[in-house]
Amino acid sequence: MHLIEDTSHPVQAFGVVSAHRQLAGGLFELRVTVPEIASLSRPGQFVHITCGDANFLRRPISICDAADGVLRLVFQQKGEGTAWLAARTEGDPLDLLGPLGRGFDLSALGPRPVFVGGGIGVPPLLLAMKQAKVQGASPAAILGFRDRDAVILESDFRALGETLVATDDGSYGTHGFVTALLEARAGSFTSVCACGPRGMLRAVAGIAETHGLPCQVSMEERMGCGIGACLVCACALKGADGGTRYGHVCKDGPVFDAKEVEW
Ligand SMILES: Cc1cc2nc3c(=O)[nH]c(=O)nc-3n(C[C@H](O)[C@H](O)[C@H](O)COP(=O)(O)OP(=O)(O)OC[C@H]3O[C@@H](n4cnc5c(N)ncnc54)[C@H](O)[C@@H]3O)c2cc1C
Ligand code: FES
């Protein structure tokens, strides 16, 4: 599988928050009008956002959707940066750098790709599934959440294709992990794209390999510069000689062929 070349040229632009809403406890959605970046955005890429004067480093947030000059960003409030972001309201300016990174390669998904997401890893799969459908595929989604209150974007995914939901505690959908749902139905899919916690990605990659399915995973590491200059986001990859090499999640990823990752 050849992942897409990073041919886009990120731009720094000021967007304007056009909508803000709380999706669930601690989970927020911002719509940001920023045509310069939205028009270049591809599934799996991210933007790097300045989160107030007190936060020196930009924060990486995945592009959940991009249409008509507007970026849709869905994020979890964690520390100071995302708290600042959650406090934005309509009309506020936002300093963005993007789109950044290599996203999903949608050229070899086959007719029945499945998009497997866990928790806050779910948002970037929406644009990927949307584009897969535009390309003529019949995509499916398997989404996992902690519990009923943490479920996000379900209706958006259902509008694009078959969508299965699992919760860890069984309070909504199937009781258990996305991996059980994937394992049970792996034979009906032609490829896998996944985003979520590392343990989930490793398990998904193992299932895909067992069933001979191409698998792309979106990795997450702490970031500094976001453009390949500081090495903060290094992740271990398999070298051609059988050893380990290091890649930048911000520039070589965040999406990698699962077979490339040193789990
Ligand atoms: C490519 C990529 C895409 C992401 N997309 C999303 C998304 O769509 N929605 C979402 O909720 N979160 C996403 N994250 C995680 C998000 O960037 C962190 O939760 C956020 O940076 C935390 O910042 P903070 O100031 O609130 O927290 P703090 O813990 O105060 O952050 C301190 C520092 O650590 C960095 N940091 C902390 N946690 C992470 C992390 N998990 N990943 C990267 N840097 C981190 C921050 O950028 C900051 O520099 C993504 C991360 C990456 C790498
Ligand atoms: S964040 Fe600086 S190299 Fe990736």
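One-based numbering, in listed order, for ligands and for the atoms of each. Positions are given from 1, in the same order as the sequence printed here.
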Is there side-chain contact between [X] and [Y], with at least one heavy-atom pair below 4.5 Å?
{"X": "Val122", "Y": "Phe157", "result": "yes"}
{"X": "Cys250", "Y": "Leu100", "result": "no"}
{"X": "Phe75", "Y": "Ile49", "result": "no"}
{"X": "Met200", "Y": "Phe177", "result": "no"}

Discussion item. Taking 2.8 Å as the cut-off, does Cys225 contribute an N, O or S atom near atom 2 (Fe) of ligand 2, distance below it?
Written reply: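 For Cys225, the answer is yes, given that an N, O or S atom comes within less than 2.8 Å of atom 2 (Fe) of ligand 2.
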
Relative to [atom], which among [options] owns the nearest non-hydrogen atom?
{"atom": "atom 27 (O) of ligand 1", "options": "Gly79, Gly119, Ala86", "result": "Gly79"}
{"atom": "atom 1 (S) of ligand 2", "options": "Gly226, Ala234, Gly253", "result": "Gly226"}
{"atom": "atom 43 (C) of ligand 1", "options": "Lys78, Arg58, Glu221", "result": "Glu221"}

Say whether [X], considering both its backbone and side-chain N or O atoms, lies within less than 3.5 Å of an N or O atom on ligand 1.
{"X": "Val249", "answer": "no"}
{"X": "Pro254", "answer": "no"}
{"X": "Phe46", "answer": "no"}

Worksheet item: Would you call Lys259 and Glu209 a salt bridge, taking side-chain N to carboxylate O under 4.0 Å as the test?
Response: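 Judged by the 4.0 Å cut-off on N to carboxylate O distance, Lys259 and Glu209 do not form a salt bridge.
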
Worksheet item: So, are Asp156 and Lys130 salt-bridged, with charged N and O less than 4.0 Å apart?
Response: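 Not counted as a salt bridge, because no side-chain N and carboxylate O are separated by less than 4.0 Å.
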
Worksheet item: If you stand at atom 4 (Fe) of ligand 2 and look out to SG of Cys250 and SG of Cys233, what angle do those two lines make, to 10°?
Response: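 With atom 4 (Fe) of ligand 2 as the vertex, SG (Cys250) and SG (Cys233) sit 100° apart.
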
Atoms of ligand 2, numbered as shown, that sit under 4.0 Å from any heavy atom of [X]:
{"X": "His248", "result": "3 (S)"}
{"X": "Cys230", "result": "1 (S), 2 (Fe), 3 (S)"}
{"X": "Gly228", "result": "3 (S)"}
{"X": "Ala229", "result": "3 (S)"}

To the nearest 0.1 Å, how far is [atom] from its closest protein heavy atom, and which atom is that?
{"atom": "atom 22 (C) of ligand 1", "result": "Thr82 CG2, 4.2 Å"}
{"atom": "atom 10 (C) of ligand 1", "result": "Ile120 CG1, 3.4 Å"}
{"atom": "atom 42 (N) of ligand 1", "result": "Glu220 OE2, 3.2 Å"}
{"atom": "atom 3 (C) of ligand 1", "result": "Ser62 OG, 3.3 Å"}
{"atom": "atom 35 (C) of ligand 1", "result": "Arg222 NH1, 3.6 Å"}
{"atom": "atom 23 (O) of ligand 1", "result": "Arg59 NE, 3.4 Å"}
{"atom": "atom 50 (C) of ligand 1", "result": "Pro60 O, 3.3 Å"}
{"atom": "atom 9 (N) of ligand 1", "result": "Val74 O, 3.0 Å"}

Worksheet entry | ligand 1 versus Gln76: contacting region, heavy-atom distance under 4.0 Å |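 Both backbone and side chain of Gln76 come within 4.0 Å of ligand 1.
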
Worksheet entry | Side chain, backbone, both or neither: Leu57 near ligand 1, heavy atoms under 4.0 Å |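 It is the side chain that touches ligand 1; the backbone stays farther off.
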
Discussion item. If hydrophobic clusters are built by linking Ile, Leu, Val, Met, Phe, Trp and Tyr wherever their side-chain heavy atoms come under 4.5 Å apart, do Leu71 and Val16 end up in the same one?
Written reply: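 Leu71 does not cluster with Val16.
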
Worksheet item: Leu127 and Leu23: same hydrophobic cluster, using ILVMFWY side-chain contacts below 4.5 Å?
Response: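 Unlinked, Leu127 and Leu23 end up in two clusters.
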
Worksheet item: Hey, what do you get for CZ (Phe256) to CG (Asp105), rounding to the nearest 0.5 Å?
Response: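 If we round to the nearest 0.5 Å, Phe256:CZ and Asp105:CG are 14.0 Å apart.
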
Are more than 12 heavy atoms from other residues, nucleotides or ligands located less than 6.0 Å from atom [atom1] of [X]?
{"X": "Glu80", "atom1": "CD", "result": "no"}
{"X": "Asp53", "atom1": "CG", "result": "no"}
{"X": "Lys238", "atom1": "NZ", "result": "yes"}

Practice prompt. Pick one of side chain, backbone, both or neither for how Leu231 approaches ligand 2, counting any non-hydrogen atom pair under 4.0 Å.
Written response: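 Backbone only; the side chain of Leu231 stays clear of ligand 2.
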
Discussion item. How close do Gly176 and Ala166 get, counting heavy atoms only, and between which atoms?
Written reply: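 Taking Gly176 first and Ala166 second, the nearest heavy atoms are O-CB, 3.5 Å.
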
Fill in: Heavy-atom pair with the smallest gap, counting every atom of Met219 and Val249
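In terms of heavy atoms, the two residues are closest at O-CG1, 3.5 Å.
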
Worksheet item: For His248 and Glu221, does a side-chain donor sit closer than 3.5 Å to a side-chain acceptor?
Response: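 Side chains of His248 and Glu221: no pair found under 3.5 Å.
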
Fill in: Any non-hydrogen protein atom less than 4.0 Å away from atom 7 (C) of ligand 1
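There is a protein heavy atom less than 4.0 Å from atom 7 (C) of ligand 1.
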
Item to complete: Pull out every atom of ligand 1 sitting under 4.0 Å from any heavy atom of Gly81, numbered as shown with elements.
Response: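 Every atom of ligand 1 under 4.0 Å from some heavy atom of Gly81: 24 (P), 25 (O), 26 (O).
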
Fill in: For Phe75, the ligand 1 atoms whose distance to one of its heavy atoms is below 4.0 Å
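Those atoms are 9 (N), 10 (C), 11 (O).
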
